[in-house]
Amino acid sequence: MISFFPDLNVWVALSDQRHIHSGQAWEWLHVLPGEARLIFSRYTHLGLLRLLASEVVMGPATLTLEKAWHAYDTWLSDPRVEFYPEPLGLDAAFREATAPFAAKPASKWVGDCYLLAFSKESQATLVTFDRQLLAFARRNGYAAVMPA
């Protein structure tokens, strides 16, 4: 089985057809092999709820929290989608992923490194539209792709 771990922008693009990358995300999803699995973590689960119910992000398409939960539940009803609890080795992998940033102030990289560590420990390929994250992942030996 092949596992993919979409980051928040990919989940939002798949959940909202108005998203700039929605078409690209759906094209990617439709070409995945039948045995492919998509993974939610608690981080991406919470993030999807937060972003879909955020007026700053969604504008006039903002969902109520109830409707955001429905969107998440709809994803979980798809047989290709699973929720994974945190893997046992996540803490060590997370520290390792943040090591290149140890001498710098905290930044968006904290969340990105969590995604990288989770994908590594779950043996899944991170899926992201973030070019910087993709480049960092590839330079540092993480499995990552951009939906194409």
Visitor: Of the non-hydrogen atoms in L51 and L8, which two are nearest, and what is the gap between them?
Guide: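 So the two residues come closest at CD1-CB, 4.1 Å.
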Visitor: Do L76 and L49 belong to the same hydrophobic cluster, where Ile, Leu, Val, Met, Phe, Trp and Tyr are linked whenever their side-chain heavy atoms lie under 4.5 Å apart, directly or via other members?
Guide: yes
Visitor: Stepwise, does the side-chain contact (heavy atoms from CB on, under 4.5 Å) test hold for T128 with L115?
Guide: CA-CA 10 Å; T128 185; L115 295 172; over 6 Å; no
Visitor: For a quick test of reading the model, state the closest non-hydrogen atom pair linking P147 to V10 and the distance between them.
Guide: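 Closest approach of P147 to V10: CG-CG2, 4.2 Å.
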Visitor: Transitively linked via ILVMFWY side-chain contacts under 4.5 Å: L65 with Y72?
Guide: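 Yes, because L65 and Y72 connect within a single hydrophobic cluster, where side-chain heavy atoms sit under 4.5 Å apart.
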Visitor: Once you round to the nearest 0.5 Å, how far does CG of L63 lie from OG of S54?
Guide: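 Going from CG on L63 over to OG on S54, the span is 10.5 Å.
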Visitor: Per the side chain to side chain donor-acceptor pair (under 3.5 Å) rule, what does the pair list look like for residues 132-148, sequence neighbours excluded?
Guide: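 Those involving residues 132-148 do not exist here.
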Visitor: State the CH2-CG distance between W109 and L133, to the nearest 0.5 angstrom.
Guide: 5.5 Å
Visitor: Taking all non-hydrogen atoms of both residues, which atom of L116 and which atom of A137 are closest, and how far apart?
Guide: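 Closest pair (atom of L116, atom of A137, distance): CD2-CB, 3.6 Å.
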Visitor: Side-chain atoms of residues 30-41: list all donor-acceptor pairs with protein atoms under 3.5 Å, sequence neighbours left out, distances to 0.1 Å.
Guide:
unit_1, atom_1, unit_2, atom_2, d
S41, OG, Y43, N, 3.2
S41, OG, T44, N, 3.1
S41, OG, T44, OG1, 3.4

Visitor: Please list all pairs passing the salt bridge (Lys or Arg N to Asp or Glu O under 4.0 Å) test where one or both residues lie in residues 84-97, with sequence neighbours left out.
Guide: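 As it turns out, the salt bridge (Lys or Arg N to Asp or Glu O under 4.0 Å) pairs with a partner in residues 84-97, which skip direct neighbours, are E96-K120.
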Visitor: Could I get the full list of side chain to side chain donor-acceptor pair (under 3.5 Å) partners for H21, not counting sequence neighbours?
Guide: Q24
Visitor: Can you give me the closest heavy-atom contact between P87 and S122, atom names plus distance?
Guide: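 It is CG-OG, 3.5 Å.
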Visitor: Listed by chain and number, what are the salt bridge (charged side-chain N to carboxylate O under 4.0 Å, His left out) partners of K108, not counting sequence neighbours?
Guide: D112, D130
Visitor: Of all residues at least two apart in sequence or in a different chain, which pass the side chain to side chain donor-acceptor pair (under 3.5 Å) check with S15?
Guide: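 For S15, the residues satisfying side chain to side chain donor-acceptor pair (under 3.5 Å) (neighbours in sequence not counted) are W75.
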Visitor: Got a second to check how far F118's CZ is from L90's CG, nearest 0.5 Å?
Guide: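 These two atoms lie 7.0 Å from each other.
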Visitor: Can you sort out the partners of W28 under side chain to side chain donor-acceptor pair (under 3.5 Å), two or more places apart, ordered by chain and number?
Guide: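 Once residues adjacent in sequence are excluded, W28 has no partner under the side chain to side chain donor-acceptor pair (under 3.5 Å) criterion.
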Visitor: Taking the side chain from W11 and the backbone from P6, do they hold a donor-acceptor pair closer than 3.5 Å?
Guide: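 Yes.
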Visitor: Kindly determine whether L14 and W26 satisfy side-chain contact (heavy atoms from CB on, under 4.5 Å), including the steps that lead there.
Guide: CA-CA 6 Å; L14 289 168; W26 277 100; 3.9 Å; yes
Visitor: Distance-only, no hydrogens or angles: does the S22 side chain make a donor-acceptor pair with backbone N or O of A13 under 3.5 Å?
Guide: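 Yes, the answer is positive, given that a donor and an acceptor are paired below the 3.5 Å cut-off.
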Visitor: Not counting sequence neighbours, which residues clear ring pair (Phe, Tyr, Trp, His ring centres under 6.0 Å) with H70? List them please.
Guide: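 None.
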Visitor: Taking only residues two or more places apart in sequence or in another chain, which ones pass side chain to side chain donor-acceptor pair (under 3.5 Å) with E82?
Guide: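 Side chain to side chain donor-acceptor pair (under 3.5 Å) list for E82, sorted by chain: empty.
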Visitor: Looking at every non-hydrogen atom in both residues, tell me the closest pair between L52 and M58 and how far apart they are.
Guide: O-CG, 3.4 Å
Visitor: Under the ring-ring contact (aromatic ring centres under 6.0 Å, His included) rule, what pairs show up with a residue in residues 76-96, not counting sequence neighbours?
Guide: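 Every pair satisfying ring-ring contact (aromatic ring centres under 6.0 Å, His included) with a residue in residues 76-96: F94-Y114.
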Visitor: Identify, with sequence neighbours excluded, every residue that meets salt bridge (charged side-chain N to carboxylate O under 4.0 Å, His left out) alongside R42.
Guide: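 Here no residue qualifies.
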Visitor: Would you mind listing every salt bridge (Lys or Arg N to Asp or Glu O under 4.0 Å) that reaches into residues 48-73, with sequence neighbours excluded?
Guide: none
